[in-house]
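Data first, discussion second: the structure below is written as structure tokens.
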Protein chains: 2
Amino acid sequence: MTAALRIMREEGLERLTMRRLAAELDTGPASLYVYVQNMAELHAALLDELLADIALPHTGPVARWRDGLIDIMTAYTVLLFQHPSLARSVLTLRPSGPNYLRLIDTLLGLLNAGGVPQRQAAWGVNLLLQHGTATAAEQGTRGESVEADGEQLALMWLVEEASSEDYPNIDRARSEIFSGTGPERLSWALGVLIDGIVTTSAL
Amino acid sequence: MTAALRIMREEGLERLTMRRLAAELDTGPASLYVYVQNMAELHAALLDELLADIALPHTGPVARWRDGLIDIMTAYTVLLFQHPSLARSVLTLRPSGPNYLRLIDTLLGLLNAGGVPQRQAAWGVNLLLQHGTATAAEQGTRGESVEADGEQLALMWLVEEASSEDYPNIDRARSEIFSGTGPERLSWALGVLIDGIVTTSAL
DNA sequence: ACCTGAACACCGTTCAAGT
DNA sequence: ACCTGAACACCGTTCAAGT
């Protein structure tokens, strides 16, 4: 499993194929299926391995629950940002490793500390983690491939050129659509989510 | 392009390969590269085609801006729910077709009608669309493959079994983690996002 | 100039056969 | 019982060669 982590870190998840990993371990690809059922299970194992490294301040002053949430969610998002294609995989994975359960448990605990009703807390954790994963999967494309950068530029150009007759609201919002830095937008989004989770009652 | 849509609708995006589409059009795969640059561009074109069908109530009473947002976002999410693997593709695509721009413009208009400051509106549209796309990509896996259902069950089992010592908060929230129906959770999430976007000022 | 057959360089997964 | 070579059934993309 360390070999898999190394390949991912050094060459990216794209290059971590069953055949490549098998070659690294001096065997045939069929042998890997003794340890994992399929590619998805390998990705799940990698995620849990990575999650072992994020700091979970399970204890701490109850009053700082909001900062705790933001810190953990930022760490989670930044972690996946470094492995965008893993994030893409995680989105369809429903991870279930011990470190992922620990992460869920900690987030739930912080929302509980904030006095958020149980249902909102449970649904909110889902929303928060989905946002982190999706943000990494989406934004993280930058730099991973040349085409992705090209597409980003193509969209910016289109938005620049979007005629004020056809798209009057885009025209008005033009300057804000790509404004702000990644961290600024992430911290705003986390604020939106947490505020909404705390104040919006379910059903 | 109609052939591509038909294959996707009848057999799923997974089966819509360059080779399969070329065969359908009685030619070799190389010929497709005259019309699209790559697979991503084909997916982008498909998304824009689908978006042509969603109703955009651009006009209407200004006071109903919130309902308008919820209606459009629900339609967008439901649309992608039927094509989960397209949703996965869209997440990394930064779509730029005319119908996608129209969707952005309409959402911006509704947030403007709600008196949301320009920056919050612009960033908020991003957040809303990302949520819709990610939800479809994530939940939509159900039924598309047998393994995905199995993984869902595996997670439910793990959460059921999660010991109260190791994961006390999961233990307490157990009954709520999988509670509610898809539509209930979607409408709650949209409420969270809209409330948060309206009330959380950027920077 | 426009189109495409055939090849390049790969995939994940299965299974019969070996140890 | 455990492991794996070789095969199955595919991919997206490129490019030299034809029309």
Side-chain angles (χ1 to χ4, degrees), chain A residues 1-8 10-47 83-95 137 141 144-151 154, chain B residues 1-8 10-47 83-95 137 141 144-151 154:
Chain A
M1 205 86 321
T2 353
L5 263 175
R6 183 167 41 72
I7 294 174
M8 179 177 65
E10 286 173 11
E11 308 178 37
L13 193 72
E14 262 79 44
R15 309 293 292 267
L16 176 58
T17 64
M18 290 300 207
R19 296 171 112 94
R20 174 89 171 71
L21 179 58
E24 202 81 4
L25 299 169
D26 278 312
T27 182
S31 308
L32 302 176
Y33 290 82
V34 175
Y35 306 100
V36 291
Q37 210 129 43
N38 50 42
M39 200 68 189
E41 207 170 291
L42 180 64
H43 289 172
L46 286 169
L47 172 71
H83 306 282
S85 38
L86 184 61
R88 243 158 278 153
S89 201
V90 167
L91 203 62
T92 67
L93 218 63
R94 287 138 217 291
T141 315
E144 193 173 295
S145 69
V146 186
E147 316 103 69
D149 279 330
E151 277 169 40
Chain B
M1 205 86 322
T2 352
L5 264 175
R6 184 166 42 72
I7 295 175
M8 179 176 65
E10 287 173 12
E11 308 179 36
L13 193 73
E14 261 79 43
R15 311 292 292 269
L16 176 59
T17 64
M18 290 299 207
R19 296 171 113 96
R20 174 89 171 71
L21 179 58
E24 203 80 4
L25 299 168
D26 279 313
T27 182
S31 308
L32 301 176
Y33 290 82
V34 175
Y35 307 100
V36 291
Q37 209 128 44
N38 50 42
M39 199 69 189
E41 209 169 290
L42 180 63
H43 289 173
L46 286 170
L47 172 71
H83 305 282
S85 37
L86 184 61
R88 247 157 274 154
S89 200
V90 167
L91 203 62
T92 67
L93 217 63
R94 285 137 218 293
T141 314
E144 194 173 294
S145 68
V146 187
E147 317 104 71
D149 279 330
E151 276 170 40

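No hydrogens, no waters, no symmetry mates; every other heavy atom, side chains included, goes into these values. Letters go in sequence order (proteins before strands), and every chain restarts at 1.
Nucleotides of DNA chain D nearest to M39(B) and T27(A) differ in position, and the one nearer the 5' end is that of T27(A). Across the interface with DNA chain D, nearest-nucleotide mapping of S31(A) and L16(B) shows S31(A) to be the residue nearer the 5′ end.
If you take CG of N38(A) and P of dC11(C), they are 17 Å apart, rounded to a whole angstrom. In this structure, L13(A) places its CG atom 13 Å from P of dC11(C), rounding to the nearest Å. In this structure, the CZ atom of R19(A) is 15 Å from the P atom of dA9(D), given to the nearest Å. Atom C1' of nucleotide dG5(C) and atom CG of D26(B) are separated by 15 Å, given to the nearest angstrom. For the pair Y33(A) OH and dG5(D) C1', the computed distance is 15 Å after rounding to whole Å. Between M18(A) atom CE and dC10(C) atom C1' there is a gap of 16 Å when expressed in whole angstrom units. Atoms CD (E14(B)) and C1' (dG12(C)) sit 14 Å apart, rounded to a whole Å. For E41(A) and dG12(C), the CD to P distance is 15 Å, given to the nearest whole Å.
A heavy-atom distance below 4.5 Å is not found between the side chains of R88(B) and R88(A). Counting heavy atoms from C-beta on, the side chains of V90(B) and H43(B) never come closer than 4.5 Å. Contact annotation: the side chain of L21(A) approaches that of L42(A) to within less than 4.5 Å [non-hydrogen atoms, C-beta and beyond]. At a threshold of 4.5 Å between non-hydrogen side-chain atoms, the residues L47(B) and H83(B) do not count as touching.
Out of dA6(D), dC3(D), dC11(D), the shortest distance to the side chain of T17(B) is found at dC11(D). Across dA6(D), dG5(C), dC3(D), the shortest atom-to-atom separation from the side chain of V34(A) is found for dC3(D).
Nucleotide dT4(D) forms a Watson-Crick or G-U wobble pair with dA16(C), both donor-acceptor distances falling under 3.5 Å. Pairing of dA9(C), defined by two Watson-Crick or G-U wobble distances under 3.5 Å, is not identified with any nucleotide.
Straight-line distance between the P atoms of dC10(C) and dA9(D): roughly 23 Å, to the nearest whole Å.
The environment of R15(A) atom CZ is sparse: at most 12 non-hydrogen atoms of other residues, nucleotides or ligands sit within 6.0 angstrom.
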